[in-house]
4 protein chains.
Amino acid sequence: MPPDPSRRSERSRQAILTAAVDLLREVGYRKLTIEAIAARAGVGKQTIYRWWPSKGAVVLDGFLAAVNEDPDDLSLPDTGDVAADLRGVVRAIVAELADPDLSGVSRALMIEMQEDVELADTARDRILAPQMRAIADRLRAAQDAGQLRADLDLAVAVELLVGPLYHRWLLRTAPLTEAYADTVTDLALRALGPQPART
Amino acid sequence: MPPDPSRRSERSRQAILTAAVDLLREVGYRKLTIEAIAARAGVGKQTIYRWWPSKGAVVLDGFLAAVNEDPDDLSLPDTGDVAADLRGVVRAIVAELADPDLSGVSRALMIEMQEDVELADTARDRILAPQMRAIADRLRAAQDAGQLRADLDLAVAVELLVGPLYHRWLLRTAPLTEAYADTVTDLALRALGPQPART
Amino acid sequence: MPPDPSRRSERSRQAILTAAVDLLREVGYRKLTIEAIAARAGVGKQTIYRWWPSKGAVVLDGFLAAVNEDPDDLSLPDTGDVAADLRGVVRAIVAELADPDLSGVSRALMIEMQEDVELADTARDRILAPQMRAIADRLRAAQDAGQLRADLDLAVAVELLVGPLYHRWLLRTAPLTEAYADTVTDLALRALGPQPART
Amino acid sequence: MPPDPSRRSERSRQAILTAAVDLLREVGYRKLTIEAIAARAGVGKQTIYRWWPSKGAVVLDGFLAAVNEDPDDLSLPDTGDVAADLRGVVRAIVAELADPDLSGVSRALMIEMQEDVELADTARDRILAPQMRAIADRLRAAQDAGQLRADLDLAVAVELLVGPLYHRWLLRTAPLTEAYADTVTDLALRALGPQPART
DNA sequence: AAATAACCGAGACGGTACGTCCGGTCTTGAA
DNA sequence: TTCAAGACCGGACGTACCGTCTCGGTTATTT
């Protein structure tokens with residue numbers, strides 16, 4: 001029978017997530033072991049297996065605890081200047097991916113998403129989808145204001161913006177810099193902008 | 001002392017790569033073990049460890065053997081119609097990523113690239129860079145013909161094109177279809193195209 | 001940190017010792033492997049390594065379990081007739097060494113004692129010393145009864161008796177028979193007996 | 001087909017035996033490997049396997065080369081005093097067994113004799129039998145001179161003498177000293193001496 | 001307040017794979 | 001043909017973790 005969540009030790013939960021994230025930074029995802037997490041957290045192995053189905057699930061929860069974002073606070077500022085607003089998010093994403101503290105956890109999640117489809121779904125819904133929806137919302141506002149083409153598929157538009165960033169980060173084709181962020185933003189905006197008036 | 005490559009058994013090398021790719025398809029990357037590869041290939045484990053530093057390296061070589069592309073044959077057709085030509089490559093990439101036979105190996109490589117920077121370098125140089133250079137070459141031709149903006153950073157241009165594809169494939173944000181390929185191509189081309197004549 | 005003996009699985013311990021002794025008989029000491037013992041016993045290898053430092057130590061315990069003698073029951077009968085009593089033990093020792101079931105284990109122990117001094121100490125204290133002490137005790141009684149010389153070094157006396165037996169058994173100089181046992185006993189007794197009255 | 005001994009490299013043979021004995025002293029028999037012998041001797045592994053059937057056989061030859069005794073020179077001195085002459089051999093045997101240089105090789109041989117009956121036969125015939133025959137010869141002379149009982153089984157008599165020595169050496173029941181040698185000799189002689197005249 | 005049930009820490013257990021070492025065979029090129 | 005060198009297949013080594021299980025010892029209700 002499933003364990004009773006009301007009797008769960010919050011203390012242990014915190015210790016496990018902290019230990020997991022710390023160890024992840026220290027040794028990398030591949031060498032991260034449940035055994036080590038339990039030892040570092042001062043916790044029995046069973047306590048981990050009782051509440052999480054896999055190493056990836058622990059790391060996912062660890063990531064969520066680490067960023068600890070309110071999904072409602074995710075909405076982008078709307079200064080009326082789409083270009084400036086997008087430039088801001090894109091730069092923020094690049095900063096997050098380049099941050100050596102966070103990127104280890106993100107990469108770990110990426111790895112696990114390749115093999116564990118169930119976890120991939122959760123990660124997508126809890127982490128990626130909200131961020132992308134926030135960007136889509138800002139784009140829709142601009143679209144309504146006539147600053148962007150009316151016939152845009154916003155989902156694709158968002159990926160045109162962030163796809164190149166993840167491409168560099170994951171495939172390591174070149175360093176992920178702020179300059180790259182800006183170049184990508186500019187190019188993408190040109191694609192999304194209103195049809196040039198033909199005569 | 002390092003082994004002498006001139007005495008290497010080509011027979012064993014082939015058997016190992018074949019076994020690795022086959023097993024990868026059967027059980028996935030995480031459950032792929034050196035031991036199983038050796039057993040399937042009818043080879044001593046040491047023969048694998050002698051020639052490859054890691055499981056990822058074997059898979060990388062297996063990938064190269066499987067696609068077996070002549071890097072010189074990689075150049076894109078140039079029909080004079082950039083749009084059509086690009087649409088072709090993008091569709092081809094999508095097809096490759098969606099192919100259940102190949103995508104397992106590719107995902108495995110992706111995973112390993114996240115943890116093993118050295119392997120990531122090799123994979124980039126041997127697999128990704130040639131493909132991206134081929135696209136860049138085609139873009140340069142178009143640029144010379146005045147079909148694209150003159151001030152483009154071609155490396156970024158290529159990533160604007162393929163980034164969204166990999167984003168979907170890796171982050172599983174949505175199914176990777178041919179329609180998506182075309183939409184992305186159209187949007188990207190709009191970004192890359194020549195400055196609209198401002199009256 | 002050392003394992004907690006109170007949590008040790010008696011079931012596993014028995015299975016390991018039984019498997020070890022059985023396999024020893026089947027394949028000999030050199031081809032006896034920890035891996036095979038674990039497999040035969042239905043036990044993880046770690047469970048063996050957790051409780052025994054070496055293959056020899058397992059075999060030693062297996063030997064002890066197999067003979068399962070109460071060290072207090074080891075004392076020789078005292079019929080008053082030293083010659084007869086000694087003849088009995090010597091024959092018994094020869095029988096044990098010639099027994100194909102037991103001798104394999106004994107030889108294995110012998111082998112290990114040559115290379116592992118620590119194990120040699122244990123084997124001596126646990127197996128050989130009690131047997132030799134029992135013989136020494138019987139000799140002392142005879143000595144007190146004036147049947148043996150008063151100035152005997154009993155330790156040497158015992159080895160005069162059993163040394164030749166082990167010599168044949170280990171060096172394979174000739175078959176180890178009951179006749180040999182009796183001849184040795186007779187000769188040794190002549191050496192140990194009271195000084196012949198001179199005039 | 002068997003190799004042609006006339007084309008055998010004497011140089012390699014010497015190097016192998018020397019390397020084997022040296023390594024034996026350095027690391028002990030268990031950790032002595034063919035691979036290490038070949039490397040130390042600057043010889044291919046095949047050269048060892050071509051001429052010797054097993055590790056034990058190499059060590060046996062190494063032992064013979066090390067002691068390098070002429071089996072004809074083995075005969076004991078005959079001063080007319082059996083007691084003194086035997087005391088001499090027994091002390092010599094003890095000295096040899098206690099010699100840290102030689103005893104390692106001897107122990108290795110002992111080990112191998114326990115598992116390899118064929119090698120045991122060779123070792124017995126080449127090493128032990130000659131030594132024991134020499135002692136038996138001396139005993140026979142004494143017997144003929146009326147110094148020993150006429151009805152002795154000389155083979156047993158020899159083992160009564162040397163058995164206790166090997167017992168201590170192999171079973172490590174106590175240190176093997178010269179004093180022990182003398183005590184054993186005295187006791188054994190008493191057993192072997194002529195029947196006391198019963199009044 | 002006692003009894004009873006869960007979670008908890010600890011870690012032993014049966015397993016699987018690791019990466020290494022060596023056994024014994026086979027292949028290559030030099031002498 | 002022998003030899004030095006060493007790649008090869010195979011298999012055991014001793015270690016590290018996996019995920020499950022069993023053990024006392026706290027809690028935290030339920031009687």
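To find a chain, count down the sequence lines: A is the first, B the second, and so on, and within it residues start at 1.
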Do any side-chain nitrogens or oxygens of A:Ser12 fall under 4.0 Å of OP1 or OP2 in E:dC7?
-> no
May I ask you to test the A:Leu64-A:Asp61 pair for a side-chain heavy-atom distance under 4.5 Å?
-> yes
Distance only, no hydrogens: is a donor on one side chain within 3.5 Å (strictly under) of an acceptor on the other, for A:Tyr29 and A:Glu112?
-> yes
Would you mind reporting whether C:Met110 and D:Leu170 have side-chain heavy atoms less than 4.5 Å apart?
-> yes
Could one point to a donor on the side chain of A:Lys45 or the base of F:dG19 with an acceptor on the other under 3.5 Å away?
-> yes
From the candidates F:dT2, E:dG19, E:dA12, the one with an atom nearest any side-chain atom of B:Tyr49 is E:dG19
Is there a side-chain polar atom (N or O) of D:Trp51 under 4.0 Å from OP1 or OP2 of F:dC3?
-> yes
Taking the side chain of A:Glu35 as its heavy atoms from C-beta onward, which of F:dC18, E:dA5, F:dC3 lies nearest to it?
-> F:dC18
Nearest-nucleotide comparison on DNA chain E, the residue closer to the 5′ end among B:Leu32 and C:Gly42 = C:Gly42
Using only side-chain N and O atoms of C:Arg7, determine if any of them is under 4.0 Å from OP1 or OP2 of F:dT22.
-> no
Between C:Arg8 and E:dA12, does any side-chain N or O lie under 4.0 Å from OP1 or OP2?
-> no
Donor-acceptor contact below 3.5 Å, side chain A:Arg124 vs main chain B:Arg172 | yes
Could you work out which one of E:dG9, E:dC22, F:dT2 sits closest to the side chain of B:Gln46?
-> E:dC22
Rounded to whole angstrom units, what separation is found between the CD1 atom of D:Ile34 and the C1' atom of E:dC22?
-> 10 Å
Atom pair distance, as rounded to whole Å: NZ in A:Lys31 and P in F:dT15 = 19 Å
B:Lys55 NZ to E:dG19 P, in whole Å, measures 9 Å
Does F:dC9 have OP1 or OP2 sitting under 4.0 Å from an N or O in the side chain of B:Thr47?
-> yes
